[in-house]
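Worksheet: one structure, shown below.
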Amino acid sequence: MNNSRRKRINASISELEDAKLKLENVLSEEQEALSRLPDDDEYDDMRDGMEEIISGLEDTLSSLEDVLCTLYGAVF
């Protein structure tokens with residue numbers, strides 16, 4: 001692999017790490033917002049939506065971590 005492609009891969013890894021950090025921050029904020037939501041029945045739909053978003057973010061972060069691990073383990 002030439003240096004140009006190696007540099008692009010390393011730049012992509014940095015961008016993926018930045019995206020992961022941003023998504024982790026959003027996840028944390030959403031979890032905090034959910035914890036502050038009143039337990040009233042009128043908020044059930046909102047709570048369900050927030051839990052779905054949290055689950056999706058967790059799945060996305062897990063997949064992103066797998067991608068980063070694969071890239072870190074590759075020999076460039």
Side-chain angles (χ1 to χ4, degrees):
M1 174 177 293
N2 68 23
N3 283 336
S4 174
R5 285 189 291 272
R6 190 173 288 118
K7 286 180 183 179
R8 290 193 325 240
I9 289 172
N10 287 328
S12 295
I13 289 171
S14 293
E15 291 172 12
L16 290 170
E17 289 171 341
D18 289 343
K20 182 177 175 271
L21 180 62
K22 290 175 184 177
L23 290 171
E24 287 171 338
N25 288 335
V26 171
L27 174 60
S28 178
E29 291 170 12
E30 192 69 9
Q31 288 171 326
E32 186 176 325
L34 178 61
S35 72
R36 289 192 311 255
L37 198 63
D39 287 335
D40 299 345
D41 289 342
E42 66 185 89
Y43 294 99
D44 283 346
D45 289 339
M46 184 181 290
R47 188 176 298 102
D48 290 344
M50 293 172 81
E51 288 171 347
E52 188 173 323
I53 290 168
I54 288 169
S55 178
L57 286 169
E58 289 171 339
D59 291 346
T60 300
L61 284 165
S62 177
S63 296
L64 189 50
E65 185 64 36
D66 290 345
V67 168
L68 286 167
C69 285
T70 299
L71 289 170
Y72 292 141
V75 177
F76 296 114

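- Rounded to the nearest 0.5 angstrom, Ile9 CD1 and Leu16 CG are separated by 11.5 Å.
- Taking CD1 of Ile54 as the reference point, atom CE of Met50 lies at 6.0 Å (rounded to 0.5 Å).
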Please list, one pair per line, the donor and acceptor atoms closer than 3.5 Å that link side chains of residues 19-37 to other protein atoms, with sequence neighbours excluded.
residue: Lys20; atom: NZ; partner: Glu24; partner atom: OE2; Å: 2.9
residue: Lys20; atom: NZ; partner: Glu65; partner atom: OE1; Å: 3.2
residue: Asn25; atom: ND2; partner: Leu21; partner atom: O; Å: 3.4
residue: Glu32; atom: OE2; partner: Arg36; partner atom: NH1; Å: 2.7
residue: Ser35; atom: OG; partner: Glu32; partner atom: O; Å: 2.7

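- Atom CG of Leu68 sits about 11.0 Å away from atom OG of Ser63, to the nearest 0.5 Å.
- Applying the side-chain contact (heavy atoms from CB on, under 4.5 Å) criterion to Asp59, with sequence neighbours excluded, gives Ser55.
- For the atom pair NZ (Lys7) and CG (Asn2), the distance works out to 10.0 Å, reported to the nearest 0.5 Å.
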Cut-off 3.5 Å, no hydrogens considered: what does the side-chain donor-acceptor table look like for residues 39-49, sequence neighbours left out?
residue: Asp44; atom: OD1; partner: Arg47; partner atom: NH1; Å: 2.9
residue: Arg47; atom: NH2; partner: Pro38; partner atom: O; Å: 2.3

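- With hydrogens and angles ignored, the 3.5 Å screen pairs no side-chain donor or acceptor of Ser62 with any backbone N or O of Glu58.
- Here the straight-line distance linking atom CD of Glu52 with atom CG of Leu57 works out to 11.0 Å at 0.5 Å rounding.
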